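Report on the following structure.
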Protein chains: 2
Amino acid sequence: MAARPAKKSIRNEIAILREHLAQHELRVTSQREIILETFLKMEHVTAEQIYHELTKRTPHIGLATIYRTLNLLCECGLAQQRHFGTQTHFDNVSHKGHHDHMICTQCGTIIEFENCDIEKLQEEVARRHKFHITTHKLELYGQCSTCHGKA
Amino acid sequence: MAARPAKKSIRNEIAILREHLAQHELRVTSQREIILETFLKMEHVTAEQIYHELTKRTPHIGLATIYRTLNLLCECGLAQQRHFGTQTHFDNVSHKGHHDHMICTQCGTIIEFENCDIEKLQEEVARRHKFHITTHKLELYGQCSTCHGKA
DNA sequence: TCTGATATTGATAATGAATCTCTTTATTAT
DNA sequence: ATAATAAAGAGATTCATTATCAATATCAGA
Ligand SMILES: [Mn+2]
Ligand SMILES: [Mn+2]
Ligand SMILES: [Zn+2]
Ligand SMILES: [Zn+2]
């Protein structure tokens with residue numbers, strides 16, 4: 001089956017994926033593009049959520065393919081893995097820069113934020129220990145504004 | 001089997017555990033105290049590591065008991081769960097306050113640190129979003145001083 | 001356009017960490 | 001010491017994720 005034409009809004013991400021595939025002698029498949037398209041429509045999504053979304057479709061796409069493709073998206077920088085709860089969530093970072101998260105433990109709402117001052121302080125702490133930071137993870141857990149105050 | 005007398009150095013932790021057991025109508029067992037003793041000797045330990053350490057001993061202690069007891073230690077504030085890699089690590093926080101971690105992705109070394117300024121900035125960000133923080137997780141990944149520069 | 005080499009898929013088996021079940025054993029209040 | 005029952009240990013079970021492998025799709029080259 002030939003890959004169908006991409007919607008205008010996700011052309012750039014499709015291009016990034018195809019570029020990555022070309023550079024690694026991997027093939028363009030309809031499954032990979034459909035999964036990317038679905039991934040871009042959702043926020044902080046799990047493999048299961050994408051699988052569930054795609055079960056409506058024909059032809060049916062297997063769960064293993066979802067996992068394989070999500071890992072592929074991580075490799076080409078479109079996605080990043082996050083471990084908020086028990087399952088692994090995949091975060092769309094294609095046209096968002098680096099950011100961190102606040103997670104409401106009551107309703108599950110995820111708020112994104114970025115704070116340069118915190119990152120500078122992290123670098124300062126690392127320098128003191130002669131540690132060289134490549135990535136970091138900052139997660140704030142608690143209650144969002146609507147849940148705070150409720151039983 | 002009666003619980004054997006605790007070494008002087010961990011008397012305080014044993015006392016905390018026994019206090020918690022008493023308050024919850026749980027029983028003092030030799031397994032619980034041996035696991036606590038082993039836990040306190042190691043840093044950022046996994047259930048498997050404790051299990052491996054204790055297989056040398058008689059009587060044999062089951063893996064399920066290790067998991068059950070480590071969860072117990074979390075409940076009475078002696079331990080805290082961390083998710084550095086794929087497995088869950090248990091951190092001794094009995095006579096350390098809250099702290100965060102730098103993890104060397106090359107040799108696995110874990111450096112502990114605390115930084116009030118970062119925590120203040122976290123509160124500030126949260127306030128801006130009307131978010132109420134209960135806990136947080138800050139992990140810096142990269143290379144430690146000995147690994148940095150090596151191939 | 002057709003073909004062959006081979007990358008990919010999907011169904012399913014396998015894995016591994018963590019938990020649950022259930023019978024036996026240990027603890028503790030009386 | 002005894003009875004009530006909490007806990008241990010062995011092993012089954014769960015659940016997310018990865019591996020296996022035969023069938024299929026892709027794509028460079030004829
Ligand atoms: Mn995000
Ligand atoms: Mn620590
Ligand atoms: Zn909420
Ligand atoms: Zn190192």
Side-chain angles (χ1 to χ4, degrees), chain A residues 1-4 14 17-36 38 44-52 54-76 79 81-90, chain B residues 1-5 14 17-36 38-39 44-52 54-76 79 81-90:
Chain A
M1 187 190 298
R4 41 177 235 160
I14 295 274
L17 175 59
R18 288 191 179 173
E19 175 69 19
H20 179 87
L21 295 176
Q23 286 178 352
H24 293 77
E25 297 189 320
L26 302 172
R27 295 176 179 177
V28 176
T29 67
S30 61
Q31 287 91 337
R32 284 175 172 164
E33 300 202 335
I34 288 166
I35 291 167
L36 171 56
T38 309
H44 306 108
V45 77
T46 65
E48 286 287 348
Q49 286 172 324
I50 289 188
Y51 181 68
H52 184 254
L54 292 183
T55 44
K56 303 163 188 170
R57 243 180 211 282
T58 44
H60 172 70
I61 296 179
L63 184 56
T65 303
I66 311 274
Y67 276 105
R68 284 187 285 237
T69 303
L70 286 171
N71 289 334
L72 197 60
L73 297 184
C74 289
E75 282 161 26
C76 57
Q81 285 194 218
R82 312 273 188 198
H83 303 271
F84 295 140
T86 160
Q87 264 186 99
T88 300
H89 291 247
F90 292 83
Chain B
M1 187 193 297
R4 41 178 236 157
I14 295 274
L17 174 60
R18 287 191 179 174
E19 175 69 19
H20 178 88
L21 296 175
Q23 285 178 353
H24 293 79
E25 296 189 320
L26 302 172
R27 295 175 180 178
V28 175
T29 68
S30 62
Q31 287 91 336
R32 284 174 171 165
E33 301 203 334
I34 287 167
I35 291 167
L36 171 57
T38 308
F39 165 74
H44 308 109
V45 78
T46 65
E48 286 287 347
Q49 285 173 324
I50 289 187
Y51 181 69
H52 184 254
L54 292 183
T55 44
K56 303 163 188 169
R57 243 178 211 283
T58 42
H60 171 71
I61 294 179
L63 184 55
T65 304
I66 312 273
Y67 276 105
R68 284 187 283 237
T69 304
L70 285 171
N71 288 333
L72 197 60
L73 297 184
C74 288
E75 282 161 26
C76 59
Q81 285 194 218
R82 312 272 189 198
H83 303 271
F84 295 139
T86 158
Q87 264 185 101
T88 301
H89 291 247
F90 292 83

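Predicted model, so just to flag it, every value in this text is computed and none were measured. Naming convention: chains lettered A, B, ... in sequence-line order (proteins, then strands); numbering from 1 in each chain.
In this structure, Phe84(A) and His89(A) have tilted ring planes: the angle between them lies in the 30° to 60° band.
Between Thr29(B) and the phosphate of dA8(D), there is a side-chain N or O to OP1/OP2 separation shorter than 4.0 Å. Regarding contacts with the backbone of dT18(D), a side-chain N or O of Asn71(A) is found under 4.0 angstrom from either OP1 or OP2. A close approach under 4.0 Å does occur between a side-chain nitrogen or oxygen of Tyr67(A) and OP1 or OP2 of dT17(D).
What you find for Thr65(B) and Ile35(B) is that their closest heavy atoms are O-CD1, 3.9 Å.
Below the 3.5 angstrom threshold, one finds no donor paired with an acceptor across the side chain of Arg32(A) and the base of dT8(C). Counting atom types as modelled, Arg68(A) pairs no side-chain N or O with a base atom of dT18(D) as donor and acceptor under 3.5 Å.
For the pair Arg32(B) (side chain) and Arg27(B) (backbone), a donor-acceptor distance under 3.5 Å is present.
Distance, Phe90(A) CZ to dA16(D) P: 13 Å, rounded to whole Å. Whole-Å rounding puts the Ile61(B) CD1 to dA7(D) C1' distance at 12 Å. The CZ-C1' distance, from Arg82(A) to dT17(D), rounds to 20 Å in whole Å. Atom-to-atom, CZ of Arg18(A) to P of dC27(D) comes out at 9 Å; the value is rounded to the nearest Å. The CG-C1' distance, from Leu54(B) to dA8(D), rounds to 14 Å in whole Å. In this structure, Ile50(B) places its CD1 atom 15 Å from C1' of dA18(C), rounding to the nearest Å. Spacing between atom CG of Leu72(B) and atom P of dA7(D) amounts to 8 Å, rounded to whole angstrom units. One can place CG of Leu63(A) at 10 Å from P of dA16(D), the figure rounded to the nearest angstrom.
Listed nucleotides dC20(C), dA19(D), dA4(D) differ in distance to Arg27(B); the shortest reach to its side chain belongs to dA4(D). For Glu48(B), whose side chain is taken as the heavy atoms from C-beta onward, the closest listed nucleotide among dA17(C), dT28(C), dA8(D) is dA17(C).
Positionally, the nearest nucleotide of DNA chain C for His89(B) lies more toward the 5' end than for the other of Leu26(B) and His89(B). Mapping Gln81(A) and Gly62(B) onto DNA chain D by nearest heavy atom places Gly62(B) closer to the 5' end of the strand. Residues His60(A) and Gln31(B) both approach DNA chain C. Their nearest nucleotides, taken by heavy-atom distance, put His60(A) toward the 5′ side.
The side-chain heavy atoms of Leu17(B) and Leu72(B), taken from C-beta on, include a pair separated by under 4.5 Å. Taking 4.5 Å as the limit, every side-chain heavy atom of Gln31(B) sits out of range of all side-chain heavy atoms of Ile66(B).
If you check every strand for non-hydrogen atoms under 4.0 Å, Thr88(A) touches sugar and phosphate atoms only.
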